[in-house]
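Proteins get letters first, then strands, A, B, ... in listed order; numbering begins at 1 in each. Given the structure is predicted, the values throughout are model-derived calculations rather than measurements. Values below: every heavy atom of this structure, side chains too, minus hydrogens, waters and symmetry copies.
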Amino acid sequence: MLSLPTTTASPSTPLHVLHSTDPPHKLLQSHPSLALLSNCRSPQTLRQIHSQIVKTGLHNSQFALSKLIEFCAVSPFGDLPYALLLFESIKHPNLLIWNTVIRGHSLSDSPSLAIQLFVRMVSTGIVPNCYTFPFVLKSCARSGLANEGRQIHAHVLKLGLGSDAFVHTSLISVYAQNSDLESARLVFDKSSHRDAVSFTALITGYASKGLMDDAERLFDEMPTRDLISWNAMIAGFSQSGKYYEAVETFRKMQRIGISPNESTLVSVLSACAQSGRIDLGSWIHSWVDDKGMDSNLRILNALVDMYSKNGNLEKARFLFNSIQHKDVISWNVMIGGYNCMNYHREALELFRRMLKSPVMPNDITFLNVLPSCACLCALDLGKWIHSYIDKNLKNITSTALWTSLIDMYAKCGDIVAAEQVFHGLELKSLASWNAIISGSAMHGRAEKALQLFREMLNEGFRPDDITFVGVLSACSHAGLVELGRENFSLMVNEFKISPKLHHYGCMINLLGRVGLFDEVESMIKSMDMEPDEAIWGSLLEACRTHRRVQLGETVAKNLFKLELNNPGAYILLSNIYAEAGRWDDVAMIRRKLNDEGMKKVPGCTSIEVNGVVHEFLVADKAHPQSERIYKMLAEIDHLLDKSGYEPDTSEVLSHELSFNLSFFLVARIGNDKAALSKLLVEEISEDGIGVANL
DNA sequence: GTAGGGTTAG
């Protein structure tokens, strides 16, 4: 093993190393071990080179040590903790070595350590120079330390280094990146020598705040625009949602003969992805192929994202598969691509493949995967993700991930776990309140949802339109007419939120269910938008419940205008006729359904058992265990009959639920009849047919 | 012997 270098020369130290009069370049030439560093690609090689240096006594020269530290601190194949260890072994490091370790930390995951080192350096009496400040200021920018940035600015002025071009740009950059545009502008204006770099630093500041008009004005003022300043404009437009401008700027840049590089293309492709410009995106793809840039990871990731966001999943997957060394973003964009097309099964499958790869998932991976868990009721996987986050991503400050977990638990039927996550949050966000309120509403806990809503208001949160969807759907589920009206008016009058279709939907569902059809009518008249299929559908259901044949016909007519081929709506109407004894009309609808060849979309359900998601269609026999499942299903039907349960045959749901239940039982307890009947009795006695908690 | 501005997933 290696020992740390010492400052005393070993007996084997070759004499020529000690000739301090040797110029450094000569030392470099005469020592192949230092030259080896430039080809070092692994920690093993690094250790070998170091031991070589120690063996030859080269570590006794500060020059050799500083070269080694530089490599460890800055190279992507280096090792920053190792650099620090070497650094700490030096009694009196010179300014260059200080600068090197500060630079190394300014690039690391914890740039604030660079500032601590800077303070230490100054306190030992070493005066920083114009190389020190760009590193330190970059650290302030990257760690968001605005006050430290200001203090260091004062230090710069005291030392008279404010006119150094590098220090100057770093000052603009630190203010710009800390959103202090006024100070950034002041520093920029005060200087006489403005080059493309300082212009771009300020432009980036404006762009990051979405102030693209100011950015553009500066860009126009620039005496010479280089590639990076064009890139800054394109990225700025793209990141502030001005995709058209991003694309146009890219075109203009090409017209004047500036060739794009990786950064340009990544930004333009992102703009294409988000604005549906698959034409330009594909053109860039072929351009990239021509230029031999088709193995560039970032460009490939951006292409996968562009294709998948625009529905071309095949092409996206083909490119994704072609990537040799995928990084976390490659996986995230592909999983996200499946998700935004509602291909949840595929998303989860890919996620499981990712877990077998060497790439570690991050918070964004989970933000992409959790909605799929929610959609497929993949509770086991959701729970696994939860514990993974607890173990490995504790430092995640964003509440989005926790909100996503709350949503997943609620949608997978585990409202208790959803509440546990919610109450465990140190900092609750509006979104997390929204998730727990809708979750409670979803589970029929209207009182709980409304109580949470009151707590949220008491804690000073301002509800948004999504909050009220949760609140109103809670009222709607529980038939709380008065509270529904109150909250609707609270939303409109107190919080000045104009109702959207969802809100009207909740109210119309609520009013319709209790038969307040006059109020429904005046609400529909008051809407400044057309009711959608869901609204007419829920109203048609209300007409059936309250046997309002005539109104039902009107509602159905409106529904058919929007959904020509929804057999469910025709069946609902035929049920209304049947209950009114209008058998001719029933027959007429049946004929129509036959003539038009309308078929009901088969009911589909899924369940996750031991980490595998199983999907079933009604009457589907494709599952390998389907014989056992149907046997169990018959048994459950029998037991349900015996317990006096009468299924509502107008709903397919109950069948699906018992189907799921039976599969669950087959998979979990096999053929143990005693256990089965015990479980069933518990399930049935608990809350009717309580399968939601599976 | 070191250095400043632009880069995709959410």
Side-chain angles (χ1 to χ4, degrees), chain A residues 23-25 27-28 34 62-64 66-67 69-70 73-74 94-104 106-107 129-138 141 161 164-174 176-177 184 188 194-205 207-208 215 218 222 225-236 238-239 260-274 296-306 308-309 327-337 339-340 361-368 396 398 400-401 404:
Chain A
H25 67 267
L27 206 58
L28 192 59
L34 287 181
Q62 272 216 344
F63 172 78
S66 76
K67 276 289 160 209
I69 291 173
E70 183 192 355
V74 183
N94 61 20
L95 178 56
L96 181 103
I97 295 179
W98 275 104
N99 285 350
T100 306
V101 283
I102 291 172
R103 177 182 168 208
S106 77
L107 304 165
N129 66 1
C130 58
Y131 287 93
T132 321
F133 286 107
F135 306 138
V136 185
L137 290 167
K138 193 192 194 79
L161 291 172
D164 177 88
F166 289 83
V167 178
H168 177 244
T169 312
S170 303
L171 282 169
I172 297 170
S173 179
V174 74
Q177 289 178 46
F188 177 81
R194 300 171 180 175
D195 56 13
V197 187
S198 54
F199 262 103
T200 310
L202 191 55
I203 285 175
T204 311
S208 69
L218 273 169
M222 286 179 74
R225 300 178 195 97
D226 60 7
L227 175 61
I228 297 184
S229 44
W230 282 96
N231 286 353
M233 288 303 292
I234 294 168
S238 179
Q239 283 160 7
N261 68 357
E262 176 195 273
S263 294
T264 327
L265 297 174
V266 162
S267 292
V268 181
L269 283 172
S270 166
C272 293
Q274 292 175 82
N296 180 308
L297 179 61
R298 284 176 177 152
I299 293 178
L300 280 169
N301 287 347
L303 283 169
V304 171
D305 187 41
M306 189 270 301
S308 69
K309 276 214 176 72
D327 66 359
V328 65
I329 297 177
S330 321
W331 289 96
N332 287 352
V333 289
M334 196 62 231
I335 292 171
N339 249 356
C340 67
N362 64 9
D363 50 336
I364 292 154
T365 317
F366 296 129
L367 282 174
N368 280 328
I396 292 292
S398 123
L401 201 50
S404 215

I want to verify a distance call: between B/dA9, B/dG4, B/dG5, whose nearest atom is closest to the A/Pro134 side chain? B/dG4

Working to the nearest 0.5 angstrom, can you tell me the gap between A/Ser263 OG and A/Ile234 CD1? 10.0 Å

Just call it for A/Asn301: base, sugar-phosphate, or nothing, with non-hydrogen atoms closer than 4.0 Å on any strand. base

For atom CG of A/Asn94 and atom P of B/dT2, their distance in whole Å: 13 Å

Is there side-chain contact between A/Phe135 and A/Asn99, with at least one heavy-atom pair below 4.5 Å? yes

Any N or O donor-acceptor pair linking the side chain of A/Glu70 to the base of B/dT2 at under 3.5 Å? no

Would you please confirm or rule out a distance under 4.0 Å between OP1 or OP2 of B/dG6 and any side-chain N or O of A/Gln239? no

Under 5.5 Å between ring centres and under 30° between planes: true for A/Phe166 and the base of B/dG4? no

Side-chain contact check for A/Ser267: nearest option of B/dG4, B/dA9, B/dT7 is B/dT7

Going by heavy atoms in the side chains, are A/Leu297 and A/Ser330 under 4.5 Å from each other? yes

A/Thr200 side chain reached by A/Asn231 side chain, heavy atoms, under 4.5 Å: no

Gap between atoms CG and C1', on A/Leu107 and B/dG4 respectively (whole Å): 13 Å

Just how far is it from atom NE2 of A/His168 to atom CG of A/Leu161, taken to the nearest 0.5 Å? 13.0 Å

Please report the distance, rounded to the nearest Å, between CD1 in A/Ile172 and C1' in B/dG6. 15 Å

Could you tell me whether the phosphate oxygens of B/dG5, OP1 or OP2, come under 4.0 Å of any side-chain nitrogen or oxygen in A/Ser170? no

Roughly how many Å is it from CZ in A/Phe135 to P in B/dT2, rounded to a whole number? 10 Å

Counting any heavy atom closer than 4.0 Å, what does A/Arg103 reach on the DNA or RNA strands: base, sugar-phosphate only, or nothing? sugar-phosphate

A/Tyr131 side-chain proximity, nearest of B/dA3, B/dT8, B/dG6: B/dA3

Less than 3.5 Å between a donor and an acceptor, one on the side chain of A/Asp195 and one on the base of B/dG5, is that the case here? no

In this structure, how many angstroms lie between the P atom of B/dT7 and the CG atom of A/Leu303, rounded? 18 Å

Separation between OG1 of A/Thr100 and OH of A/Tyr131, rounded to the nearest 0.5 Å: 11.5 Å

Heavy atoms under 4.0 Å, any strand shown: does A/Asn129 hit a base, just sugar-phosphate, or nothing? base

Is it the case that B/dG6 (base atoms only) and A/Asn261 (side chain only) share a donor and an acceptor within less than 3.5 Å, ignoring hydrogens and angles? yes

Which nucleotide in the list B/dG10, B/dG4, B/dT2 gets nearest to the side chain of A/Leu96? B/dT2

Value in whole Å for how far the C1' atom of B/dA9 lies from NZ of A/Lys309: 7 Å

Hey, does A/Ala176 reach any base, or is it just sugar-phosphate, or nothing, if we go heavy atoms under 4.0 Å? nothing

Whole angstroms only, please: what is the CG-C1' distance between A/Asp164 and B/dT2? 13 Å

What about A/Asn362, does its side chain sit under 3.5 Å from the base of B/dA9 through a donor-acceptor pair? yes

Whole Å only: how far is the CG atom of A/Leu297 from the P atom of B/dA9? 14 Å

Regarding the side chain of A/Asn99, the nearest nucleotide among B/dA9, B/dT2, B/dG4 is B/dT2

Can you check whether A/Val304's main-chain N or O pairs, donor with acceptor, with A/Asn301's side chain at less than 3.5 Å? no

Touch check for A/Gln274, heavy atoms < 4.0 angstrom, all strands: base, sugar-phosphate only, or nothing? sugar-phosphate

Would you mind telling me which of B/dG6, B/dA9, B/dA3 lies closest to the side-chain atoms of A/Leu227? B/dG6

Any donor-acceptor N/O pair under 3.5 Å between B/dT8 base and A/Ser270 side chain: no

